[in-house]
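Note sheet for the following structure.
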Amino acid sequence: MASVSTLSVERMDVPVDFDQWSESQATMLAKEDNIELEDGHWEVIYFLRNHCKENGTSCTARHVIRALSQRFADRGGKRYLYTLFPHGPVYQACKIAGLPLPPNTLDLSFGSAH
């Protein structure tokens, strides 16, 4: 009888320059996308940075949007996130947060809005 192995998730470490990210860099990147960062944006950005630090960077875009949607469900989930980051909360928020884009982020079938 063959044994059933448990599903393992590959964990990639956070980027080497993770701690060199700054709010001023984020503000500059946001301005390039015509976004003026307010409290809601910062909350998403710091949630993503903490999520990356705790879980690594191997999470797929689908995993990241699910985590974001659950965290911000009380404000409207994805709908709320798209009001903050109109070109896609995973794409824009990760970019502004100084994080690598999760696999499949730019897959148009996933629902990228850019």
Side-chain angles (χ1 to χ4, degrees):
M1 175 181 225
S3 64
V4 178
S5 63
T6 58
L7 179 64
S8 65
V9 177
E10 180 182 343
R11 176 188 160 91
M12 294 171 54
D13 291 329
V14 296
V16 173
D17 58 354
F18 183 82
D19 292 323
Q20 294 180 10
W21 172 87
S22 69
E23 288 186 357
S24 62
Q25 287 174 319
T27 301
M28 183 181 70
L29 289 169
K31 282 184 183 180
E32 290 175 5
D33 283 350
N34 296 314
I35 295 174
E36 185 175 330
L37 297 177
E38 297 177 357
D39 290 345
H41 296 96
W42 289 116
E43 194 173 354
V44 171
I45 289 166
Y46 278 105
F47 172 81
L48 281 173
R49 288 186 58 80
N50 289 332
H51 188 270
C52 177
K53 199 169 205 173
E54 292 171 9
N55 299 294
T57 60
S58 62
C59 300
T60 65
R62 196 169 305 280
H63 171 86
V64 173
I65 194 65
R66 187 178 307 124
L68 282 167
S69 296
Q70 289 173 351
R71 168 61 184 86
F72 296 98
D74 62 329
R75 296 181 209 170
K78 274 193 220 180
R79 188 178 312 257
Y80 168 73
L81 294 165
Y82 272 95
T83 64
L84 297 174
F85 302 99
H87 291 289
V90 175
Y91 169 73
Q92 279 186 309
C94 283
K95 179 178 135 184
I96 294 168
L99 302 173
L101 295 180
N104 303 321
T105 299
L106 300 177
D107 181 351
L108 294 179
S109 67
F110 176 66
S112 177
H114 61 101

Check your understanding: Heavy-atom distance under 4.5 Å between the side chains of L84 and P89, does that happen here?
Key ->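 No, their side chains stay 4.5 Å or more apart.
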Check your understanding: Taking the side chain as C-beta and beyond, is there a heavy-atom pair between L81 and I65 under 4.5 Å?
Key ->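 They are in side-chain contact.
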Exercise for review: Assess whether atom CG of D39 is packed by more than 12 heavy atoms of other residues, nucleotides or ligands within 6.0 Å.
Suggested key: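 No, not enclosed.
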Practice item. May I ask you to check whether over 12 heavy atoms, not counting those of E36, lie within 6.0 Å of atom CD? Key: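 For E36, atom CD is not crowded (no more than 12 foreign heavy atoms under 6.0 Å).
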Quick one: [atom1] on [X] to [atom2] on [Y], what's the gap to the nearest 0.5 Å?
| X | Y | atom1 | atom2 | value |
| --- | --- | --- | --- | --- |
| L68 | Y80 | CG | OH | 11.0 Å |
| L29 | Q25 | CG | CD | 7.0 Å |
| I45 | E23 | CD1 | CD | 8.5 Å |
| E32 | I96 | CD | CD1 | 9.5 Å |
| R49 | E54 | CZ | CD | 12.5 Å |
| H87 | D33 | NE2 | CG | 6.0 Å |

Check your understanding: Given the rule that I, L, V, M, F, W and Y join up when any side-chain heavy atoms are under 4.5 Å apart, are Y46 and V90 in one cluster?
Key ->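 They do share one cluster, since a chain of ILVMFWY contacts under 4.5 Å joins Y46 to V90.
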Identify the two heavy atoms, one from [X] and one from [Y], that lie closest to each other, and give their separation to 0.1 Å.
| X | Y | answer |
| --- | --- | --- |
| A26 | W21 | CB-CZ2, 3.6 Å |
| L48 | C94 | CD1-N, 3.9 Å |
| R71 | E43 | NH2-OE2, 2.6 Å |

Check your understanding: Once the angle between the rings of H41 and F85 is folded into 0 to 90°, is it parallel (under 30°), tilted (30 to 60°) or perpendicular (over 60°)?
Key ->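 Taking F85 first and then H41, their aromatic rings stand perpendicular (interplane angle over 60°).
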